[in-house]
Peer 1: 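Dumping the structure here so I can ask a few things about it.
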Amino acid sequence: MERDKALKIVEKQLTEHRYIHTIGVMETAIHLAGKYGENLEKTELSAIFHDYAKFRPKDEMKQIILDQKLSPLLLEYNSELWHAPVGAFLVEQEVGISDTEILNAIKFHTSGRPHMSLLEKIIYVADYIEPGRHFPGVEEVRELAEESLDKALIKSLQNTIMFLLKKNQAVYPDTISTYNWLVLEGGRTI
């Protein structure tokens, strides 16, 4: 699918602010893909569609989680997580993208997961560091992304986990598992 067609499809699903964010994620992801050797077309499509379901009604997303037998744990945690797995499902159903690598990059861009692919890591990190993001710690992750994708991912996960802990909020198990996997397994190569 060509970039312009994909952007027109996704623009209808997003607010103007979120569309600008999506452009930032796309440009950042393409940069990281070039740096780390990932397929540019898959990276571009994953980035463009990563927030496809962001503004779907919560009741619709909840029903899709139930109907499609997505992880029932999702319903026990913050609904901000829902748009990623629901988005992957809707991108396949409504847009017709069936590439598993692209769908997984969309599906896990908020929670991460152990054994993330290079594409999944790129979309996760690009979503975190795109130029429109301004919060404590983002500059450090931007710098780390130029040195090591895994180091950037670890730091972004640390920041997210600490943010949730300080707010007394639960941390989704896949996020903890991703961090542990990177430190225990992936950390050996960092």
Side-chain angles (χ1 to χ4, degrees), residues 13-22 24-25 28-29 32 46-47 49-90 104-117 120-145 148-187 190:
Q13 303 293 324
L14 304 175
T15 63
E16 182 181 355
H17 176 75
R18 188 53 57 163
Y19 181 73
I20 292 167
H21 161 75
T22 295
V25 173
T28 303
L32 293 173
S46 300
F49 287 106
H50 83 282
D51 274 349
Y52 182 78
K54 182 79 173 173
F55 297 105
R56 294 293 175 107
K58 284 190 175 71
D59 58 338
E60 178 188 356
M61 288 195 283
K62 181 178 181 180
Q63 198 58 53
I64 289 170
I65 290 168
L66 294 169
D67 291 348
Q68 298 307 310
K69 297 180 177 31
L70 302 178
S71 174
L73 271 180
L74 286 165
L75 300 177
E76 296 177 30
Y77 290 83
N78 195 308
S79 59
E80 278 297 308
L81 294 168
W82 297 358
H83 75 278
V86 169
F89 170 76
L90 290 173
N104 281 340
I106 296 167
K107 184 175 184 175
F108 297 109
H109 85 269
T110 56
S111 64
R113 69 168 175 162
H115 309 288
M116 290 174 83
S117 70
E120 291 169 30
K121 291 176 183 180
I122 287 170
I123 300 305
Y124 187 101
V125 171
D127 184 37
Y128 193 88
I129 67 169
E130 65 92 1
R133 298 284 200 191
H134 304 286
F135 52 83
V138 73
E139 282 303 324
E140 182 182 3
V141 178
R142 286 184 180 124
E143 291 170 16
L144 287 170
S148 163
L149 198 57
D150 283 350
K151 286 181 181 178
L153 186 54
I154 287 170
K155 189 61 182 172
S156 66
L157 288 162
Q158 287 173 342
N159 290 349
T160 298
I161 291 166
M162 290 306 298
F163 174 79
L164 292 170
L165 292 176
K166 286 178 183 173
K167 290 181 71 176
N168 227 13
Q169 292 185 356
V171 180
Y172 192 63
D174 280 357
T175 303
I176 296 287
S177 296
T178 305
Y179 174 78
N180 288 340
W181 167 69
L182 281 163
V183 170
L184 295 173
E185 298 295 324
I190 294 174

Peer 1: Heavy atoms only: give me the nearest Ile123-Ala29 pair and the separation to one decimal.
Peer 2: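 Shortest heavy-atom contact: CD1-CB, 4.0 Å.
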Peer 1: Could you name each residue pair satisfying salt bridge (charged side-chain N to carboxylate O under 4.0 Å, His left out) that touches residues 166-177, not counting sequence neighbours?
Peer 2: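 For residues 166-177: none.
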Peer 1: Under 3.5 Å, is there a donor-acceptor pair between the side chain of His50 and the main chain of Ala47?
Peer 2: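 The answer is yes, because a donor-acceptor pair under 3.5 Å joins these two groups.
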Peer 1: What pairs with Tyr52 under side-chain hydrogen bond (donor to acceptor under 3.5 Å, both in side chains), at least two apart in sequence or on another chain?
Peer 2: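 Residues passing side-chain hydrogen bond (donor to acceptor under 3.5 Å, both in side chains) with Tyr52: Glu94.
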Peer 1: Applying side-chain contact (heavy atoms from CB on, under 4.5 Å), name anything that partners Phe89, two or more places apart in sequence or on another chain.
Peer 2: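 Scan of Phe89 (side-chain contact (heavy atoms from CB on, under 4.5 Å), adjacent residues dropped) gives Ile64, Gln68, Gln93.
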Peer 1: Hey, could you give me the OG1/OH distance between Thr15 and Tyr19, rounded to the nearest 0.5 Å?
Peer 2: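 It is 12.0 Å, given to the nearest 0.5 Å.
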Peer 1: Pairs under 3.5 angstrom only: tabulate donor-acceptor contacts from the side chains of residues 78-88 to other protein residues two or more places apart or in another chain.
Peer 2:
unit_1 : atom_1 : unit_2 : atom_2 : d
Asn78  : OD1    : Glu80  : N      : 2.8
Glu80  : OE1    : Lys54  : NZ     : 2.7
Trp82  : NE1    : Leu74  : O      : 2.8
His83  : ND1    : Glu80  : O      : 2.9
His83  : NE2    : Asp51  : OD1    : 3.0
His83  : NE2    : His109 : NE2    : 3.2

Peer 1: Can you find a pair of side-chain heavy atoms, one from Ile154 and one from Leu144, that are under 4.5 Å apart?
Peer 2: no
Peer 1: What do the steps show when you test Ile161 against Gln158 for side chain to side chain contact (heavy atoms under 4.5 Å, CB included), and what is the final call?
Peer 2: CA-CA 5 Å; Ile161 291 166; Gln158 287 173 342; 6.0 Å; no
Peer 1: Quick one: closest heavy-atom pair of Val125 and Ala152, and the distance?
Peer 2: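 Looks like CG1-CB, 4.2 Å.
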Peer 1: Just wondering, do His17 and Ile20 contact through their side chains at under 4.5 Å, heavy atoms?
Peer 2: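 Ile20 does not reach His17 side chain to side chain.
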Peer 1: Going by the salt bridge (charged side-chain N to carboxylate O under 4.0 Å, His left out) test, which pairs reach into residues 120-130, not counting sequence neighbours?
Peer 2: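 Output for this query lists Arg113-Glu120, Lys121-Asp150, Asp127-Arg133.
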Peer 1: Who passes side-chain contact (heavy atoms from CB on, under 4.5 Å) against Leu164, sequence neighbours left out?
Peer 2: Thr160, Gln169, Val171
Peer 1: Test of understanding: with ring pair (Phe, Tyr, Trp, His ring centres under 6.0 Å), list the residues that count as partners of His115, not counting sequence neighbours.
Peer 2: Trp181
Peer 1: With sequence neighbours excluded, give me every salt bridge (charged side-chain N to carboxylate O under 4.0 Å, His left out) pair touching residues 59-72.
Peer 2: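 Non-adjacent pairs meeting salt bridge (charged side-chain N to carboxylate O under 4.0 Å, His left out): Arg56-Glu60.
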Peer 1: Just grab all the side chain to side chain donor-acceptor pair (under 3.5 Å) pairs involving residues 134-145, residues at least two apart or on different chains.
Peer 2: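 Listed once each, the pairs are Glu139-Arg142.
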Peer 1: Kindly indicate whether the side chain of Pro131, heavy atoms from C-beta on, has any atom under 4.5 Å from the side chain of Thr28.
Peer 2: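 In contact.
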Peer 1: Any sub-3.5 Å donor-acceptor pair from Ser46's side-chain atoms to Ile106's backbone N or O?
Peer 2: no
Peer 1: Can Tyr179 and Leu153 be said to form a side chain to side chain contact (heavy atoms under 4.5 Å, CB included), step by step?
Peer 2: CA-CA 8 Å; Tyr179 174 78; Leu153 186 54; over 6 Å; no
Peer 1: CZ of Phe55: more than 12 outside heavy atoms within 6.0 angstrom?
Peer 2: yes
Peer 1: For Ala145 versus Ile129, what's the shortest heavy-atom pair and its separation?
Peer 2: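 That closest heavy-atom pairing would be CB-CD1, 3.8 Å.
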Peer 1: Go through the structure and list residues passing ring pair (Phe, Tyr, Trp, His ring centres under 6.0 Å) with Tyr77, not counting sequence neighbours.
Peer 2: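 Ring pair (Phe, Tyr, Trp, His ring centres under 6.0 Å) list for Tyr77, sorted by chain: Tyr172.
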Peer 1: So, taking the atom named CG in Leu182 and the one named CG in Leu157, what distance separates them when rounded to the nearest 0.5 Å?
Peer 2: 6.5 Å
Peer 1: CZ of Arg18 to NE2 of His21: how many Å apart, nearest 0.5 Å?
Peer 2: 4.5 Å
Peer 1: Which atom pair, heavy atoms only, marks the closest approach of Ser111 to Thr178?
Peer 2: O-OG1, 3.8 Å
